[in-house]
Amino acid sequence: MPRIAYVNGRYLPHADASVPIEDRGFQFADGVYEVVTIVDGKLADADGHLTRLARSLKELSIPWPVKPATLRFIMAEMVRRNRARHALLYIQITRGVAPRDFKFPKQPAPSLVLTCRRTAFQPAATLEKGVAVITMPDIRWLRRDIKSTSLLPQVLGKQKAAEAGAFEGWMVDGQGFVTEGCSSNAWIVTADGTLVTRQPSNEILNGITRLSILDCMRKLGIHFEERAFSVAEAYEAREAFISSASTFALPVTRIDGKTIGDGRPGALSLRLRQAYMDHIGSTDPVSVK
Ligand code: PLP
């Protein structure tokens, strides 16, 4: 697969793509992003990701660098030029280049960058075993509903999880309730069989995969509760999983070293993974390689 990037109107070989050092994304993390998964050459949940991108831009008063319809065209062009089959499309918009000053530039010229990277998603072995997560304090700001490029807490969290041999970190608020994963939403199936995920608010990023899984559940008539759950409740859960554009619904079988349920991916988690894969039109529902 060739690696072609898009930077402010130009398609370039990835290695040659760059932005100026006074880009406010580089100086202040003054930008937003989206990750859209490409499965079988098709963009998954593109409408949802573009809707959230529009919201993130609006919340931060960053103007669109191009019209939304043009961005859609660029996205399709990136799939084509990269000959992408299973890949991740990264889209970043910053407030653009300006002399370093905290205040917004008077005439902002927002930057638009897209990159594309081939990915293998989850190998069958991962799906058979499920993944481990560890919990950690949520040290982020209070506008987590904006998909900002300011990700230092998640960088530290993911590193801590990796050092502990875990796939993901679940962040926990001051009251002992799980907010979400460092780059995913968190779900449990309680001991009495209720599917629970935290309600959208400023305290979590409202995942596009999360929203689609909830839609799948409504269609399947599966009952769920949108509420906060504690770490203690998660330890006692029958099943757990995470959701994100790149992991879909991915079963969690260990939390802080404790075995969840019978230690194997839960039936409901796998059913929802399949439902989500059907929703995005994947031909290889459970294990996309
Ligand atoms: N929560 C956080 C903090 C994230 O960074 C992400 C994705 O990167 C998600 C949730 C899942 O969102 P989505 O399903 O849109 O990928």
Side-chain angles (χ1 to χ4, degrees), residues 29 31-39 43-57 59 75 86-93 115 117 119 121-122 131 133-162 166-173 177-188 196-217 224 226 228-229 240-252 269 272-273 275-277 279-280 282 288:
V32 298
Y33 75 107
E34 285 294 331
V35 177
V36 186
T37 298
I38 302 164
V39 180
L43 291 159
D45 272 339
D47 290 350
H49 287 283
L50 285 170
T51 302
R52 186 173 61 191
L53 182 63
R55 181 180 183 280
S56 295
L57 289 171
E59 292 298 311
M75 289 163 68
H86 293 332
L88 298 176
L89 184 65
Y90 177 82
I91 307 165
Q92 179 172 319
I93 298 174
T115 57
R117 185 173 54 137
T119 183
F121 301 121
Q122 293 79 51
V131 297
V133 304
I134 59 164
T135 60
M136 54 188 65
D138 195 334
I139 58 169
R140 296 175 299 163
W141 73 330
L142 290 175
R143 289 306 309 275
R144 304 162 191 167
D145 53 312
I146 299 170
K147 199 163 168 70
S148 148
T149 55
S150 176
L151 292 168
L152 208 38
Q154 286 99 312
V155 167
L156 299 177
K158 285 276 196 189
Q159 180 61 26
K160 198 171 164 191
F167 182 84
E168 176 64 304
W170 275 9
M171 297 177 285
V172 179
D173 68 17
F177 292 96
V178 175
T179 51
E180 59 186 328
C182 290
S183 64
S184 59
N185 289 111
W187 307 66
I188 56 166
V196 181
T197 192
R198 195 170 173 121
Q199 69 281 10
S201 73
N202 64 304
E203 289 170 329
I204 66 162
L205 183 75
N206 197 356
I208 301 307
T209 319
R210 174 191 182 281
L211 288 169
S212 290
I213 291 173
L214 290 177
D215 269 351
C216 292
M217 290 173 63
F224 59 85
E226 285 184 276
F229 59 85
F241 67 95
I242 57 172
S243 68
S244 74
S246 58
T247 58
F248 317 119
L250 180 61
V252 169
S269 309
L272 290 173
R273 181 180 174 93
Y276 180 75
M277 300 312 277
H279 158 76
I280 60 174
S282 167
V288 175

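Only this structure's heavy atoms are used, side chains among them; waters, hydrogens and symmetry mates stay out. Whatever order the structure lists ligands and atoms in, that order sets their numbers, starting from 1. Just so it is clear, the model here is predicted, and its values are computed rather than measured.
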Closest protein heavy atom (residue, atom, distance) for atom 5 (O) of ligand 1: S183 CA, 3.3 Å

Minimum-distance protein heavy atom relative to atom 2 (C) of ligand 1: E180 OE1, 3.5 Å

I204 side chain reached by R210 side chain, heavy atoms, under 4.5 Å: yes

Sub-4.0 Å heavy-atom approach of R144 to ligand 1: no

Donor-acceptor contact present, side-chain S243 to main-chain A249, <3.5 Å: no

D45 side-chain N/O to V36 backbone N/O, donor-acceptor pair under 3.5 Å: no

Nearest option to atom 7 (C) of ligand 1, as decided by whichever heavy atom of R140, R52, K147, E34 sits closest: K147

Protein heavy atom at shortest distance from atom 13 (P) of ligand 1: I208 N, 3.6 Å

Reference residue E59; test salt bridge (charged side-chain N to carboxylate O under 4.0 Å, His left out); the match among R144, R143, K147: R143

Atom indices of ligand 1, in the order listed, that fall short of 4.0 Å to a heavy atom of A245: 13 (P), 14 (O), 16 (O)

Atoms in ligand 1 flagged as close to C182, the criterion being non-hydrogen separation under 4.0 Å: 3 (C), 5 (O)

R52 side chain vs N206 backbone, donor-acceptor pair below 3.5 Å: yes

Check: T179 main-chain N/O paired with D173 side-chain donor or acceptor under 3.5 Å: no

Per-atom contacts, ligand 1 versus G181 - under 4.0 Å to a heavy atom: 3 (C)

Side-chain donor or acceptor of Q122 paired with backbone N/O of S246 under 3.5 Å: yes

Proximal ligand 1 atoms for G207, defined as those under 4.0 Å from one of its heavy atoms: 12 (O), 13 (P), 14 (O), 15 (O)

Shortest protein contact, atom 14 (O) of ligand 1 (heavy atom only): T209 OG1, 2.6 Å

L50 CG to L43 CG distance, which is reported to the nearest 0.5 Å: 9.0 Å

Test item, N185 contacting ligand 1 (heavy atom, 4.0 angstrom): yes

Proximal ligand 1 atoms for H49, defined as those under 4.0 Å from one of its heavy atoms: 15 (O)

